[in-house]
Amino acid sequence: MTLKEFFEQVPKAAAAFSGGTDSAFVLWAAKKYGCDVHAYYVKTAFQPAFELEDARRLAEELGIPMTVVDMDILSVPEAGENGPERCYYCKRAIFTRLREAARADGYSVLLDGTNASDDAGDRPGMRALRELEVRSPLRECGITKEQVREQSKEAGLFTWDKPAYACLATRIPAGTPITAADLDRVEQAENAMSALGFRDFRVRLYGGGARLQVTGEQMQLVTEKRKQIYEKLGRLFSAVLLDLEERNPSD
């Protein structure tokens, strides 16, 4: 099935929009193939401010209406406790809230940006999507991440080369309760790293310190900007450590 055929079968839908590459391409395809689509962005403590800025920019460029839904994700006990099933409870709570908002606006079908490269398996988040009957047009049409990027570039979407981004909750070690204060300082640290020229990296909580993970290509940049990094992050953490193992962009 092609995306054109998918949207012929689904002429009206709500789309969960994170501001990332995949969901941006879903919105573009929906608009291109005549779907009456409405974007919904759930604003929680797990999403950094730049994601909302990107989402608003992309929706405006495409001329697609977007609703921002505020949600206190830390009020979901299983999410804040940060156990092994955190992603399941988080995803289920967010998409339940999204479905409620979409139905109130007259949309019965809810889409997300899962692509064919994503490992469905029994991942907690994927399980939640299946239970809530969320449709994933990219996955259903066999479109991989590489194809999403290629076609997004051809379509002129600024999100085409946006690095993969996992929510801020992934910066907190599993089993460590998540607090708004820790999420805030991680976000501040990653904003500081971005301002120094880093891309596709993570700042993870490590005890009272920060553990930096960067790609191999950026190790030299860490050395060059060591003092600036410590000046910025040392205000937020008791120690700033560099993980010498190359970071996996997908986590």
Side-chain angles (χ1 to χ4, degrees), residues 1-44 46-47 51-52 54-69 71 73 87-88 90-121 123-152 155 157-160 162 164-167:
M1 179 167 56
T2 65
L3 283 173
K4 181 176 185 296
E5 292 169 338
F6 179 92
F7 286 112
E8 286 174 350
Q9 296 176 21
V10 183
K12 181 177 181 177
F17 185 34
S18 67
T21 304
D22 297 324
S23 54
F25 186 66
V26 169
L27 287 182
W28 173 84
K31 180 73 178 288
K32 176 179 175 63
Y33 296 119
C35 178
D36 172 6
V37 65
H38 189 117
Y40 291 83
Y41 181 98
V42 177
K43 182 181 178 183
T44 78
F46 288 176
Q47 279 72 46
E51 291 280 44
L52 177 54
D54 284 355
R56 282 180 168 145
R57 175 185 168 188
L58 194 286
E60 183 176 346
E61 289 182 0
L62 293 178
I64 292 174
M66 186 180 88
T67 296
V68 178
V69 179
M71 182 176 179
I73 193 62
C87 192
Y88 168 78
C90 177
K91 190 83 76 174
R92 187 171 179 86
I94 286 176
F95 275 82
T96 295
R97 181 70 185 88
L98 276 176
R99 184 173 291 286
E100 292 170 351
R103 283 178 173 168
D105 292 336
Y107 294 88
S108 60
V109 178
L110 180 58
L111 312 176
D112 88 319
T114 303
N115 65 62
S117 299
D118 291 324
D119 177 20
R123 287 169 54 186
M126 294 288 198
R127 193 166 78 248
L129 295 179
R130 288 196 300 269
E131 291 175 1
L132 294 171
E133 298 182 329
V134 176
R135 300 287 301 273
S136 303
L138 301 179
R139 186 171 185 79
E140 291 182 34
C141 294
I143 298 175
T144 65
K145 185 73 172 188
E146 182 178 359
Q147 291 173 316
V148 168
R149 291 197 183 281
E150 291 174 354
Q151 294 179 43
S152 292
L157 303 181
F158 75 87
T159 51
W160 76 271
K162 188 173 178 178
Y165 191 87
C167 80

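Excluded from the calculations below are hydrogen atoms, water molecules and symmetry mates; all remaining heavy atoms, backbone and side chain alike, are included. For reference, positions follow the sequence shown, starting with 1.
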### Message
Contact between Ile143 and Asn115 at the side-chain level, heavy atoms closer than 4.5 Å - yes or no?
### Response
no

### Task
For the pair Asp105 (side chain) and Tyr107 (backbone), establish whether a donor and an acceptor sit closer than 3.5 Å, ignoring hydrogens and angles.
no

#### Entry: Side chains of Leu111 and Phe6 in contact at under 4.5 Å (non-hydrogen atoms)
yes

### Arg97 side chain vs Val42 backbone, donor-acceptor pair below 3.5 Å
no

### Task
Check the pair Leu62 / Leu157 against side-chain contact (heavy atoms from CB on, under 4.5 Å), numbers first and verdict last.
CA-CA 9 Å; Leu62 293 178; Leu157 303 181; 4.1 Å; yes

### Message
Looking at every non-hydrogen atom in both residues, tell me the closest pair between Phe46 and Cys167 and how far apart they are.
### Response
O-CB, 3.5 Å

### Task
Report, as yes or no, whether the 6.0 Å neighbourhood of atom CD on Glu100 holds more than 12 heavy atoms from other residues, nucleotides or ligands.
yes

### Query
Which atom names give the shortest non-hydrogen contact between Cys35 and Ala13, and what distance separates them?
SG-N, 3.9 Å

### Residues which pass ring-ring contact (aromatic ring centres under 6.0 Å, His included) with Tyr88, listed by chain and number, not counting sequence neighbours
none

### Check against salt bridge (Lys or Arg N to Asp or Glu O under 4.0 Å), Glu131 and Lys91
CA-CA 11 Å; Glu131 291 175 1; Lys91 190 83 76 174; over 6 Å; no

### Query
Can Glu8 and Lys4 be counted as an ion pair, charged N to O under 4.0 angstrom?
yes

### Message
My understanding is that only residues two or more places apart in sequence, or in another chain, count here; which of them pass side-chain contact (heavy atoms from CB on, under 4.5 Å) with Cys87?
### Response
Pro124

### Query
What's the shortest heavy-atom distance between Ala16 and Leu98, and which atoms?
CB-CD1, 3.5 Å

### Query
Hey, is the main chain of Lys145 close enough, under 3.5 Å, to the side chain of Ser117 for a donor-acceptor pair?
yes

### Heavy-atom donor-acceptor pair, Arg56 side chain to Gly19 backbone, under 3.5 Å
no

### Summary
All heavy atoms of Met1 vs all of Gln9, minimum pair found to be SD-NE2, 3.7 Å

### Verdict with supporting geometry, Thr21 and Val148, side-chain contact (heavy atoms from CB on, under 4.5 Å)
CA-CA 8 Å; Thr21 304; Val148 168; 3.7 Å; yes

### Query
So does Glu61 pair up with Lys31, basic N to acidic O under 4.0 Å?
no

### Task
Give a yes or no answer on whether the side chain of Thr2 reaches the backbone of Glu5 with a donor-acceptor pair at less than 3.5 Å.
yes

#### Entry: From SG (Cys141) to CD (Gln147), nearest 0.5 Å
10.5 Å

### Message
Check whether Ser136 reaches the backbone of Asp112 with its side chain - one donor and one acceptor, N or O, closer than 3.5 Å.
### Response
no

### Donor-acceptor contact below 3.5 Å, side chain Arg103 vs main chain Ser108
no

#### Entry: From Gln151 atom CD to Phe25 atom CZ, the distance as rounded to the nearest 0.5 Å
4.0 Å

## Note on the structure
Here the pair of heavy atoms bringing Phe17 nearest to Ala59 is CE2-N, 4.4 Å

### Query
Got Met71 and Gln47 here, is their nearest side-chain heavy-atom distance under 4.5 Å?
no

### Query
Can you name the closest pair of heavy atoms from Glu133 and Arg99 and give their distance?
O-NH2, 3.5 Å

### Query
Which word best sums up how the rings of Tyr33 and Phe7 line up, parallel for under 30°, tilted for 30 to 60°, or perpendicular for over 60°?
parallel

### Query
Are the side chain of Thr114 and the backbone of Arg139 linked by a donor-acceptor contact shorter than 3.5 Å?
no

### Message
If you apply the rule side-chain contact (heavy atoms from CB on, under 4.5 Å), what do you find for Asp54 with Phe158, and how did you get there?
### Response
CA-CA 9 Å; Asp54 284 355; Phe158 75 87; 4.1 Å; yes

